[in-house]
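What's counted below: heavy atoms across the whole structure, side chains too, no hydrogens, waters or symmetry copies. Chain naming here is simple, since letters A, B, ... match the order of the sequence lines and numbering starts at 1 in each. These numbers come from a predicted model, not from an experiment.
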Amino acid sequence: MRHTLEQALTDAIQTAGIDCHGQALDLHAPNQSSHGDYATAIAFRLAKVMKQAPTQIAETFIQALQPAMATQATLSQINGFINITLTPSARLLHIEAKAEYPVTPRRILLEFVSANPTGPLHIGHGRWAVLGSCLANLLRAVGHRVDTENYINDAGNQIALFTASVAAAKAGEAIPEDGYHGAYIQTIANGNTDPVTHMLSQHESDLAAIGTHFDHWFREHTLHANTAIPDALAHLKTHCYTHDEAVWFKSTAFGDDKDRVLVKSDGSLTYFAVDIAYHWNKLHRDYDQLINIWGADHHGYVPRVSAAVQALQNGHTQTELTVLIGQLVSLVRDGEPVRMSKRSGDMIYFRDVIDDIGADATRFFLIHKSSDSHIELDLDLAHQKTAENPIFYIQYAHARICQLLQKVGDPPDVTIHQIADAYTEADRPLLQCLMHSTDTLLDAADAYAPHQLATYALELARHFHRFYETNPVLTSTGVQKAYRLWVIGQVQQTLQRVLGILGISAPTRM
RNA sequence: GCGCCUGUAGCUCAUCCGGAUAGAGCGUCAGUUUGCGGAACUGGAGGUAAUAGGUUCAAGUCCUAUCAGGCGCACCA
């Protein structure tokens with residue numbers, strides 16, 4: 001909605017011949033719904049260059065634009081802010097209109113989780129699983145084409161230690177000091193499947209338990225099985241040099257703070273070299289953008305991978321690399337931080353959390369905070385946190401509506417203009433909230449911030465519960481009944497859509 | 001030491017490229033109910049947005065410094 005309104009106003013400004021000196025309208029929702037549906041502070045930004053008071057500029061804008069907008073909105077001015085208040089029917093029409101997102105569709109490869117298959121997923125992996133799957137849904141919702149990928153490090157020292165640990169357990173021998181000591185090692189040893197295969201299927205089932213599925217599972221060993229690695233390194237050759245018998249990539253030429261080793265002096269490859277081959281592979285798969293979600297413990301790794309991706313494209317960037325860094329989840333027990341270590345086996349597994357508080361509550365708990373903020377999970381309070389989890393407030397709103405709609409049966413056949421007569425000012429916050437849903441989706445997608453949808457859903461549920469309290473539907477009649485049914489129907493559809501993106505169920509009863 | 005992230009109500013968090021009186025949930029206090037599901041609603045108390053400067057018509061938001069917490073600074077993966 002914001003976009004079409006902005007466009008209409010911008011056109012009207014041009015027609016009126018007003019010079020904005022490059023300033024955009026930049027519509028935003030006023031913090032008080034009574035001010036209007038949208039507002040712009042452009043008068044303040046033009047005050048200096050136009051040498052006029054903001055209030056005066058605002059008046060000029062309003063007089064020039066009001067005629068063009070007359071059928072759908074009223075423009076007004078408070079202390080220089082230009083407020084736009086839509087007519088009730090315009091508001092309803094905008095809510096009902098099929099959302100169109102002004103985005104240029106991109107082909108995106110989104111990589112996340114990418115946990116080593118040397119142990120079960122822990123709560124930290126869970127955060128990336130939830131964030132990644134929500135982001136994929138969100139980007140798809142606004143029109144992008146997204147493939148999701150889980151990269152499996154199934155080669156190298158850690159895997160060797162892991163399989164050796166299982167082998168030792170199988171033989172009844174002591175597990176190597178630097179091996180893996182979790183209880184799951186014995187479980188795998190008791191079975192007959194390959195340890196890595198076993199672990200991967202467990203990852204898959206844990207992820208499925210919160211409704212997360214990947215389009216691709218990319219296994220590192222496939223890079224070693226062909227010439228992928230030497231091919232990729234050959235492409236970097238002009239940016240490499242030999243020093244102390246090791247081969248270095250001159251990543252400082254692309255913004256890194258030091259050069260990086262690709263081939264060690266003993267002739268073996270670094271992890272980075274393999275990762276370059278992996279990204280080289282990605283670059284060949286015809287995507288416009290590569291997005292990687294990494295935990296904050298890997299943020300130091302960003303510059304060198306960005307450098308490599310730039311170098312591989314020889315400065316002609318066709319595929320953009322975006323690395324999203326999420327902060328870590330830490331655990332607290334009895335007020336003391338719990339140190340998780342995969343090797344010692346002192347872990348809180350993601351599956352335990354899901355089984356404990358349920359998939360919906362787990363997803364909401366992990367998604368409703370910005371990925372820039374740390375999550376501290378108090379194990380003793382885990383259950384209480386569940387009871388406090390606002391997801392039930394949202395789901396209850398949806399269930400309430402569904403039960404009601406079921407009782408009503410078929411909705412009456414009326415037009416927007418007919419039901420607009422039943423609008424009252426008290427409904428404005430709810431209707432504005434509904435109208436802002438497409439804006440919210442767009443903003444959240446632009447910022448790669450699906451947590452904004454969780455906040456939005458909470459807000460919408462709150463407005464709905466308030467509306468529901470004072471607007472009986474079943475006992476109302478005529479236009480009023482039709483209007484109320486329409487409103488709650490829109491709430492239901494919007495909640496279902498947003499919860500769908502968050503991967504959380506929208507129950508019809510609870 | 002250097003780099004990245006964070007610091008907002010008792011607790012957990014929002015606040016959308018700087019905008020109007022900083023908002024929710026939980027907790028707390030006082031109310032609403034024989035209701036279209038009360039897993040709800042209404043109202044109150046609770047804030048120097050870590051601290052100190054700066055930029056701006058306007059700063060929780062941008063810049064600088066300090067303090068506190070998390071994470072990272074390998075020829076590990």
Validation row, ring centre A:Y393 to ring centre A:H465 under 6.0 Å: yes
Aromatic centroids of A:H224 and A:H221 separated by under 6.0 Å: no
Presence of salt bridge, A:K282 and A:E111, under 4.0 angstrom: yes
Is any NZ, NE, NH1 or NH2 atom of the basic residue among A:E469 and A:R466 found under 4.0 Å from an Asp or Glu carboxylate oxygen of the other? no
What does [X] touch in the nucleic acid at a heavy-atom separation under 4.0 angstrom: a base, only the sugar-phosphate, or nothing?
X	value
A:Q395	nothing
A:A461	nothing
A:R260	nothing

Among the candidates B:C71, B:A20, B:G37, find the nucleotide nearest to the side-chain atoms of A:A399. B:G37
Each base of RNA chain B marked ( ) or [ ] if paired in-strand (Watson-Crick or G-U under 3.5 Å), | if paired to another strand and . if unpaired gives (((((((..((((.....[...)))).(((((.......))))).....(((((..]....))))))))))))....
Could you state the atom-to-atom distance from OH of A:Y301 to P of B:C75 in whole Å? 12 Å
Nearest whole angstrom, please: distance from the C1' of B:C13 to the OH of A:Y393. 16 Å
Tell me which residues in residues 444-452 of chain A lie within less than 4.0 Å of RNA chain B, going by non-hydrogen atoms. A:H451, A:Q452
Write down the distance separating the P atoms in B:G53 and B:G19, rounded off to the nearest Å. 23 Å
